[in-house]
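Quick note: numbers below take in every heavy atom, side chains included, and nothing from hydrogens, waters or symmetry partners. Naming: A, B, ... by sequence-line order, numbering from 1 per chain.
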Amino acid sequence: MYILHMDEDIEVQSHWTVDETLRQKPETSRVFVKHRMQCVGCYIQKFCTIKDVAEIYQVNLNEFLKSLNNCEVKKQN
Amino acid sequence: MKINPTDLHQVPVLKEAPLEDLNLLVEKSILRSIEEDSFFFFQGDNAKYAYVLVTGMVKLVQSNPAGQQVNLRTIKEWEMFAALGAIRPDATYPVAAQALEPSSALAIESDLLREMMQTRPYLNFGLMQLMTGYIQEMQNRYRELATEKVERRLALTILRLASQIGIKSGESVELPLSQQDIAEAAGSTIYTVSRTLSEWEKRGLIETGRGRIVMRNPHGLVELADGID
């Protein structure tokens, strides 16, 4: 069993599923929406990896990963 | 802004009209210009005028009593619209006409058009062509509504079931369900399910087997369910 740490150091990997990505880094939902992807709320999140998503929506995988990992958590002050 | 009567030859309904008729139409009609988002007329108004759009773009929208709107048609330059008052003197507009950009249209009195129709076969044929075009389009849309609704519902059902019990194998997702199971889950019949699934199989979306369905292109089904197809 592993404990889920929600810190900013975790890096989204290309083999992660959408489901996993959204659970570990919920703030990435904005990135999917911004790319006009239907992933947030999609029924097949568990089956699609980030690599699949990049292929389906024809975006560059590395740049997509970068934007997923660079998105900042909106801090409440 | 003034309209050159010969410009009206671009209107399909008037393409056979002699110049004197076009002169008469321009002389007797009013050019109305409206801003973006304004209306030429509202649903339920008396159909006193038929319109020819001269510049801009107009959408025809119909609302139900609850206020839900359906966009029925988009009118482009030199199309005639709202001509039903020419045929039925007591008609009211079944739609509202809203400008999508600043627009101007020639408002032709329905009474004038009706009077002209008595002696001008070209005008009758022109309007009949417009009407049969509308009917054909509506028949197609009706068919799409009646059939594609099922397709979307089935796609949604399968996706929902896949999220619960699907098993990933390679690029595909496998569902251990029969067509009967799918029919029951979707509130449909096995005939409809079988017809739709074999159609999808031809398109490479899925593969069917005994008591199982393999989603070959899960994202394709997502698009179907969203109606983006």
Whatever's closer than 4.5 Å to a heavy atom in chain B on A:Asp52 counts as side chain
Q.
Check this for me: B:Met128, atom CE, are more than 12 non-hydrogen atoms of other residues, nucleotides or ligands nearer than 6.0 Å?
A. no
Any chance OH of B:Tyr134 has more than 12 other-residue heavy atoms, nucleotides or ligands included, within less than 6.0 Å? yes
Next on the checklist: Do B:Val222 and A:Ile44 make a side-chain contact, defined as non-hydrogen atoms from C-beta onward lying under 4.5 Å apart?
Outcome noted: yes
Q) Is the NZ atom of B:Lys48 crowded by more than 12 outside heavy atoms at less than 6.0 Å? A) no
_Could you go through B:Leu156 and A:Tyr43, starting from their C-alpha distance and side-chain angles, then the distance that decides it, and tell me whether this counts as side-chain contact (heavy atoms from CB on, under 4.5 Å)?_
CA-CA 9 Å; B:Leu156 264 178; A:Tyr43 278 127; 3.8 Å; yes
Going by atom type alone, with no hydrogens or angles, which donor-acceptor pairs under 3.5 Å involve a side-chain atom of residues 159-171 of chain B and a protein atom two or more places apart or on another chain?
residue: B:Ser163; atom: OG; partner: B:Arg160; partner atom: O; Å: 2.7
residue: B:Lys168; atom: NZ; partner: A:Phe47; partner atom: O; Å: 2.1

Whatever's closer than 4.5 Å to a heavy atom in chain A on B:Leu221 counts as neither
